[in-house]
Amino acid sequence: MEPPPGCEEGRELVWKLQAGINCVVTVQSGRNHWRQLVCKLKRFGFRSATPDYCVMILRKKTSSDPAVPDNNDESIIIAIVVDNIIITDNDDDLYNDVIAYLSKIYKLCDISDLTWFLGCSFRRTAD
């Protein structure tokens, strides 16, 4: 480890690390990342499903006819956990649009179907 510029050199010194400073920076950067992601998702048209914005929903009506039930709408749900997101959708085109949008802003890594997350096992079924 090198001493910062302007500090005495030539003597045996012990450097005390301020770990608390690093923790504050890490927490703040995580919070800022989360705020930025939520802001970008809102610009795309997502809305919060919960008061703390951990779950964001985008729903697009497939028909302007009020007689058509809402369950035919295209929708995508994003769950945000620290620096990970889980995406579930019922429309491939909408999914591809969201991924293309987010890929312009962030480096994304698709790890395929969800099988294990936060100590929970997931299984995809035909339903």
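These numbers were taken from a predicted model, which means no experiment stands behind them.
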Single-linkage hydrophobic cluster Ile86~Val81, side-chain heavy atoms < 4.5 angstrom: yes
Could you tell me the separation between the CZ atom of Arg43 and the CG atom of Leu41, rounded to the nearest 0.5 Å? 10.5 Å
Quick one: does Asp89's side chain have a donor or acceptor within less than 3.5 Å of a partner on Ser75's backbone? no
With Ile99, which residues qualify under side-chain contact (heavy atoms from CB on, under 4.5 Å), at least two apart? Ile87, Tyr95, Ser103, Leu108
Return the CZ to CG distance between Arg59 and Asp91, rounded to the nearest 0.5 Å. 13.0 Å
Does Ser48 reach the side chain of Met56, with side-chain heavy atoms less than 4.5 Å apart? yes
What residues form a side-chain hydrogen bond (donor to acceptor under 3.5 Å, both in side chains) with Lys40, not counting sequence neighbours? none
Same cluster or not: Trp34 versus Val98, using hydrophobic residues (I, L, V, M, F, W, Y) connected whenever any side-chain heavy atoms lie under 4.5 Å apart? yes
Could you check whether any side-chain heavy atom of Phe122 comes within less than 4.5 Å of a side-chain heavy atom of Leu114, counting everything from C-beta outward? yes
Could you walk me through whether Leu94 and Leu58 pass the side-chain contact (heavy atoms from CB on, under 4.5 Å) check? CA-CA 9 Å; Leu94 183 58; Leu58 175 64; 3.8 Å; yes
Do Val55 and Ile78 have side chains that get closer than 4.5 Å, going by heavy atoms? no
Heavy-atom side-chain proximity of Ile80 to Leu37 below 4.5 angstrom: yes
Can you confirm whether Phe44 sits close enough to Leu102 that some side-chain heavy atom of one is under 4.5 Å from a side-chain heavy atom of the other? no
Show the numbers, then the answer: is there a side-chain contact (heavy atoms from CB on, under 4.5 Å) between Phe46 and Val38? CA-CA 9 Å; Phe46 281 85; Val38 168; over 6 Å; no
